[in-house]
Amino acid sequence: QVRLVESGGGLVQPGGSLTLSCVVSERTFSPITVAWFRQTPGKEREFVGAFSENINWNGNNAYYADSLKGRFTIAGSDAKDTVYLQMSTLNAEDTAIYYCAATQGAVLSTKITSYSYWGQGTKVTVSS
């Protein structure tokens, strides 16, 4: 069991940056893999990135969708209770609802079906 709550979405101008947060609470298992997905109307939910808990909850072992490497970064809080998605050089194609997801174990999967727990999503709009 785990509870995920995303926040930080909003309106940002093209070329701007935004950081999303996913608070991970009520966790009853370890280790955990936490991932970010995004979805736009009419499209399938798309994998953004993920990292698995290890000794350091810092996202250094994160991996990303190839198309987003270099612009998106996952990081973890010192308290091991929040996962951040740092997004830069945003463009209109990044407009979506962003979801945090989690599963037990170190799975590092890009598949939606690999994740048992989901947050409610936070909306990001990139527009001038």
Side-chain angles (χ1 to χ4, degrees):
Q1 190 81 4
V2 65
R3 183 166 183 253
L4 308 170
V5 178
E6 304 97 331
S7 63
L11 176 65
V12 60
Q13 291 189 342
S17 300
L18 197 65
T19 296
L20 307 181
S21 300
C22 174
V23 175
V24 182
S25 63
E26 301 176 20
R27 178 155 63 117
T28 60
F29 55 81
S30 181
I32 188 173
T33 294
V34 180
W36 286 94
F37 287 79
R38 67 184 185 180
Q39 189 169 25
T40 55
K43 293 187 178 180
E44 292 187 357
R45 200 164 290 189
E46 173 189 23
F47 175 78
V48 173
F51 89 107
S52 288
E53 180 180 27
N54 55 11
I55 296 175
N56 299 311
W57 180 278
N58 55 20
N60 282 350
N61 60 338
Y63 76 101
Y64 305 89
D66 288 341
S67 61
L68 300 176
K69 285 180 181 177
R71 294 197 302 122
F72 287 21
T73 302
I74 292 175
S77 66
D78 291 340
K80 298 187 177 183
D81 60 359
T82 305
V83 177
Y84 303 102
L85 178 65
Q86 301 165 334
M87 307 182 292
S88 63
T89 320
L90 289 164
N91 56 65
E93 287 68 43
D94 297 314
T95 295
I97 298 176
Y98 285 72
Y99 296 91
C100 178
T103 191
Q104 184 173 1
V107 294
L108 289 181
S109 173
T110 64
K111 298 179 180 180
I112 298 170
T113 54
S114 297
Y115 297 89
S116 304
Y117 306 96
W118 292 83
Q120 82 290 349
T122 185
K123 187 174 182 179
V124 173
T125 302
V126 183
S127 175
S128 56

Results of side-chain contact (heavy atoms from CB on, under 4.5 Å) for [X] - residues two or more places apart only:
X: K43; value: T40
X: S67; value: E46, A65
X: S116; value: T103
X: R3; value: V5, S25, E26

Of all pairs that satisfy salt bridge (charged side-chain N to carboxylate O under 4.0 Å, His left out), the ones with a partner from [range], not counting sequence neighbours:
range: residues 112-122; answer: none
range: residues 13-23; answer: none
range: residues 88-109; answer: R38-D94, R71-D94

Identify every side-chain donor-acceptor pair in residues 121-128 under 3.5 Å, counting partners at least two apart or on other chains, and give the distances.
unit_1, atom_1, unit_2, atom_2, d
T122, OG1, G9, N, 3.0

Point to revise | Set of side-chain hydrogen bond (donor to acceptor under 3.5 Å, both in side chains) partners for T89, sequence neighbours left out | key: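 So T89 forms no side-chain hydrogen bond (donor to acceptor under 3.5 Å, both in side chains) with any residue.
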For [X] and [Y], indicate whether the former's side chain and the latter's backbone hold a donor-acceptor pair under 3.5 Å.
X: Q39; Y: A96; answer: no
X: S77; Y: T82; answer: yes
X: Y99; Y: A35; answer: no

**Study point:** Cluster link V23 to V48, ILVMFWY, side chain under 4.5 Å
**Key:**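 Different clusters.
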Review point. So which pairs with a foot in residues 8-20 pass side chain to side chain donor-acceptor pair (under 3.5 Å), sequence neighbours left out?
Key: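 Passing the test, one end in residues 8-20: no pairs.
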Calculate, to the nearest 0.5 Å, the distance between atoms [atom1] and [atom2] belonging to [X] and [Y] respectively.
X: C100; Y: Q120; atom1: SG; atom2: CD; answer: 9.5 Å
X: W36; Y: Y84; atom1: CH2; atom2: OH; answer: 10.5 Å
X: S109; Y: Y63; atom1: OG; atom2: OH; answer: 5.5 Å
X: L18; Y: F72; atom1: CG; atom2: CZ; answer: 9.5 Å

Practice item. List in chain and number order the residues that pass ring pair (Phe, Tyr, Trp, His ring centres under 6.0 Å) with F37, two or more places apart in sequence or in another chain; answer none if no residue qualifies. Key: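 Partners of F37 by the ring pair (Phe, Tyr, Trp, His ring centres under 6.0 Å) criterion, ordered by chain and then number, come out as F47, Y115, W118.
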Practice item. Write down the atom of A102, the atom of I32, and the distance for their closest heavy-atom approach. Key: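 Nearest heavy atoms, A102 then I32: CB-CD1, 3.8 Å.
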Review point. So which heavy atom on Y98 is nearest to which on M87, and how close?
Key: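 Smallest heavy-atom distance, with atoms named: CE2-SD, 3.7 Å.
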Exercise for review: Please step through side-chain contact (heavy atoms from CB on, under 4.5 Å) for the pair V24 and D81, ending with a clear verdict.
Suggested key: CA-CA 5 Å; V24 182; D81 60 359; 5.6 Å; no
**Study point:** disulfide (SG to SG under 2.5 Å): pairs with one or both residues in residues 66-99, sequence neighbours excluded
**Key:**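 For residues 66-99, and leaving out neighbouring residues, there are no disulfide (SG to SG under 2.5 Å) pairs at all.
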